[in-house]
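Encoded as structure tokens, the structure appears first; notes follow it.
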Amino acid sequence: MDQNRMPVYEALNRLKADRILPFDVPGHKHGKANPELTEFLGDKCMVVDVNSMKSLDNLCHPVSVIKEAEKLAADAFKASHAFFMVGGTTSAVQAMIMSVAREGDEIILPRNVHRSAINALILNGAIPVYVNPDSNKKLGISLGMTVDEVKDAIKAHPNAKAILINNPTYYGICSNIKAITELAHAHGMKVLADEAHGTHFYFNDKLPMSAMEAGVDMSAISMHKSGGSLTQSSMLLIGKNVNADYVRQIINLTQTTSGSYLLISSLDMSRKNLALHGRETFDKIMKMAEYARDEINSIGDYYAYSKELINGNSVYDFDTTKLSVNTLDVGLAGIEVYDLLRDEYDIQIEFGDIANILAYISVGDRERDIERLVGALSEIRRKFKGDKAELFEDEYISPTVEMSPKQAFFAEAIALPLKDCIGKISTEFVMCYPPGIPILAPGEKVTEQIYEYIIYAKEKNCTILGTEDINTEYLKVI
């Protein structure tokens with residue numbers, strides 16, 4: 001297909017040229033009704049913030065320009081079909097799970113999944129079968145699923161409908177996605193990939209294997225993370241053995257009927273850029289990330305890790321565009337370095353957790369930006385270095401699952417002080433965000449270790465989400 005084409009972008013430009021008089025929504029009428037918003041975002045933005053119409057197609061049931069744009073995306077990503085998603089990758093992950101599993105069905109997944117996957121189980125009543133991933137105790141990060149762990153889960157749960165894989169994790173860790181996919185298919189199970197942080201895998205063969213190349217059935221990708229589109233715009237890729245028409249029906253259960261053309265056109269335009277320039281783009285990003293790792297590791301105490309973690313098993317591959325840095329030898333938690341970078345140096349990185357920080361590098365960065373980050377980290381070490389920070393235990397705590405997420409979430413519950421919740425079953429999530437991986441999910445027992453971890457995270461000023469109580473002093477339990 002002609003990857004130079006941008007059907008939605010072209011249709012919006014034709015609309016601008018036609019100077020259509022709007023008697024439809026949105027009510028700002030190309031910005032005229034909201035001059036402050038127009039001044040803030042600009043005329044060019046407001047004039048294309050329009051509703052679905054004949055010339056622009058309809059995201060819920062595309063038959064023209066959106067349909068053509070989705071075909072071009074499928075071609076670029078080597079998928080059988082691609083859906084444009086305007087509810088973020090959260091909506092894509094949930095559509096995947098709800099397409100393959102129903103109430104009471106089992107689905108095998110790593111416990112270090114994003115909250116969106118467990119939310120899907122709350123919505124449809126499917127039962128999680130967790131594969132508890134290995135951990136790197138020194139770094140305090142969870143690793144990938146091993147093939148043997150998946151084999152054991154399949155043997156114990158032969159009627160599971162699907163397996164979900166992170167490709168990669170937030171930190172850049174990849175499982176052996178091809179071997180797991182072949183194993184699952186041999187047992188009649190679908191394979192779903194959360195590729196929120198792996199969009200770039202499709203456009204450079206120096207990077208780990210993409211989900212579609214591995215033969216998975218569905219993959220959720222965050223175009224807005226490493227693909228260059230606007231925040232909240234993502235795609236859902238479909239393999240050849242999935243009924244795309246049924247999947248669209250599932251998507252339409254929750255996705256808006258008023259899809260933003262700002263988001264849709266950004267997907268269309270970013271796909272073109274990736275298809276035509278992805279290889280050289282990610283060559284440049286890998287080079288910048290490697291330079292940053294070398295410079296950070298030369299400071300001392302920081303550890304910017306990479307492919308040396310590969311062990312052929314729980315770390316089958318590593319995404320070298322990720323700049324993941326362990327901070328504990330500096331005597332600081334990752335979240336403390338995160339806060340210092342933002343508050344003292346005006347540098348906003350992606351996240352800090354108990355033991356690590358992650359800086360997201362894109363083609364929009366320049367070498368001098370990298371040098372500024374490295375310089376700030378060096379100064380933080382010089383000014384704030386303390387005794388080695390003790391890792392709580394590690395970032396991942398194996399859960400004790402007592403009931404399904406749906407049962408727990410909708411159960412009668414009472415709010416108790418955190419300390420009084422030990423031994424009881426939570427009906428809420430507790431998670432540090434980012435990355436949004438639950439410390440505790442509905443249906444899991446509150447253990448002493450989990451309680452202590454939550455208290456430690458609060459002391460380190462991690463942003464904790466998921467509870468009705470905004471301060472996470474109380475937790476709702478059964």
Side-chain angles (χ1 to χ4, degrees), residues 108-114 117 130-153 163-184 191-202 204-211 213-214 216 219 225-226 282 285-286 289-290 292-294 296-297 302-329 334 350-351 353-361 391 393-398 434-435 437:
I108 298 169
L109 67 167
R111 178 55 179 75
N112 60 325
V113 290
H114 188 265
Y130 290 126
V131 173
N132 293 321
D134 289 341
S135 296
N136 182 308
K137 300 292 184 183
K138 179 179 184 296
L139 299 179
I141 62 173
S142 52
L143 306 177
M145 292 193 295
T146 70
V147 175
D148 285 342
E149 287 170 340
V150 175
K151 281 181 182 176
D152 291 343
I163 296 174
L164 186 145
I165 307 172
N166 294 320
N167 194 50
T169 68
Y170 221 136
Y171 303 96
I173 306 295
C174 295
S175 303
N176 187 346
I177 189 169
K178 186 172 179 63
I180 292 172
T181 298
E182 290 172 350
L183 177 64
V191 182
L192 318 175
D194 181 345
E195 286 191 304
H197 300 278
T199 302
H200 46 296
F201 289 3
Y202 290 85
N204 193 299
D205 56 13
K206 297 173 188 173
L207 291 166
M209 180 178 287
S210 71
E213 184 183 355
V216 307
S219 173
K225 288 188 171 72
S226 60
F282 295 114
I285 292 171
M286 283 186 280
E290 190 60 36
R293 271 190 290 273
D294 289 343
I296 291 168
N297 286 333
Y302 294 108
Y303 175 32
Y305 40 96
S306 185
K307 280 182 172 285
E308 72 277 2
L309 298 182
I310 293 174
N311 58 24
N313 197 16
S314 56
V315 186
Y316 187 77
D317 208 344
F318 187 85
D319 175 12
T320 54
T321 71
K322 295 285 188 295
L323 184 56
S324 303
V325 184
N326 186 267
T327 66
L328 292 180
D329 284 348
E350 176 66 10
F351 80 85
D353 59 26
I354 299 300
N356 302 273
I357 59 171
L358 173 67
Y360 225 95
I361 297 177
L391 182 61
E393 173 71 19
D394 54 60
E395 280 291 297
Y396 174 75
I397 301 172
S398 297
I437 298 167

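Note that CD1 of I177 is 5.0 Å distant from OG1 of T181, once rounded to the nearest 0.5 Å. Between N136 atom CG and I173 atom CD1 the span is 8.0 Å, to the nearest 0.5 Å. Between atom CG of residue N167 and atom SG of residue C174 there is a gap of 5.0 Å, rounded to the nearest 0.5 Å. Here the CG atom belonging to D194 is positioned 10.5 Å from the OG1 atom belonging to T169, to the nearest 0.5 angstrom. For the atom pair CE (M145) and CD1 (I163), the distance works out to 6.5 Å, reported to the nearest 0.5 Å. To the nearest 0.5 angstrom, L309 atom CG is 9.5 Å from K138 atom NZ.
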Criterion side-chain hydrogen bond (donor to acceptor under 3.5 Å, both in side chains) on D319 and T321, from CA distance to verdict: CA-CA 6 Å; D319 175 12; T321 71; 2.9 Å; yes

Trace of the side-chain contact (heavy atoms from CB on, under 4.5 Å) decision for N313 with N176: CA-CA 7 Å; N313 197 16; N176 187 346; over 6 Å; no

Trace of the side-chain contact (heavy atoms from CB on, under 4.5 Å) decision for I296 with L323: CA-CA 10 Å; I296 291 168; L323 184 56; 4.1 Å; yes

Test log, rule side-chain contact (heavy atoms from CB on, under 4.5 Å), inputs S175 and I180: CA-CA 8 Å; S175 303; I180 292 172; 4.1 Å; yes

Audit row: E195, Y202, side-chain hydrogen bond (donor to acceptor under 3.5 Å, both in side chains) steps and yes/no: CA-CA 11 Å; E195 286 191 304; Y202 290 85; 2.4 Å; yes

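The closest side-chain heavy-atom distance from N297 to Y303 is below 4.5 Å. D317 places none of its side-chain heavy atoms less than 4.5 Å from the side chain of M209. Using a 4.5 Å cut-off on side-chain heavy atoms (C-beta onward), N204 and M286 make contact. Side-chain contact between P168 and F201 is present, with heavy atoms from C-beta onward closer than 4.5 Å. Counting only heavy atoms from C-beta outward, the side chains of L192 and I165 never approach each other to under 4.5 Å. The side-chain heavy atoms of V150 and L183, taken from C-beta on, include a pair separated by under 4.5 Å. V131 is listed as a side-chain neighbour of I108, based on a closest heavy-atom distance under 4.5 Å. Inter-residue side-chain proximity for Y360 and S226 is flagged as met; some heavy-atom pair is nearer than 4.5 Å.
Summarising the geometry of S314 relative to D134, their closest heavy-atom pair is CB-OD2, 3.6 Å, with the distance given to 0.1 Å. Pairing each heavy atom of V147 with each of A179, the nearest pair is CG2-CB, 3.9 Å. Of all heavy-atom pairs between L143 and N112, the closest is O-ND2, 3.8 Å. The shortest heavy-atom contact between H200 and L207 is O-CD1, 3.4 Å. Closest non-hydrogen pair, N356 versus G140, comes out as ND2-O, 4.2 Å. Closest non-hydrogen pair, I361 versus I285, comes out as O-CG2, 3.6 Å.
The aromatic rings of Y171 and F351 lie perpendicular to each other, with more than 60° between the two planes, well past the 30° mark.
Side-chain polar atoms of Y170 and E350 form a donor-acceptor pair below 3.5 angstrom.
A 6.0 Å sphere centred on OH of Y305 holds more than 12 heavy atoms belonging to other residues, nucleotides or ligands.
Without hydrogens or angle criteria, D329 side chain to Y302 main chain gives no donor-acceptor distance under 3.5 Å. Without hydrogens or angle criteria, R293 side chain to S324 main chain gives no donor-acceptor distance under 3.5 Å. For D353 (side chain) and A355 (main-chain N/O), a donor-acceptor pair under 3.5 Å exists by modelled atom type. Here the side chain of K322 pairs a donor or acceptor atom with the backbone of H197 at under 3.5 angstrom.
Taking the salt bridge (charged side-chain N to carboxylate O under 4.0 Å, His left out) definition, one finds that E182 meets it with K178, sequence neighbours left out.
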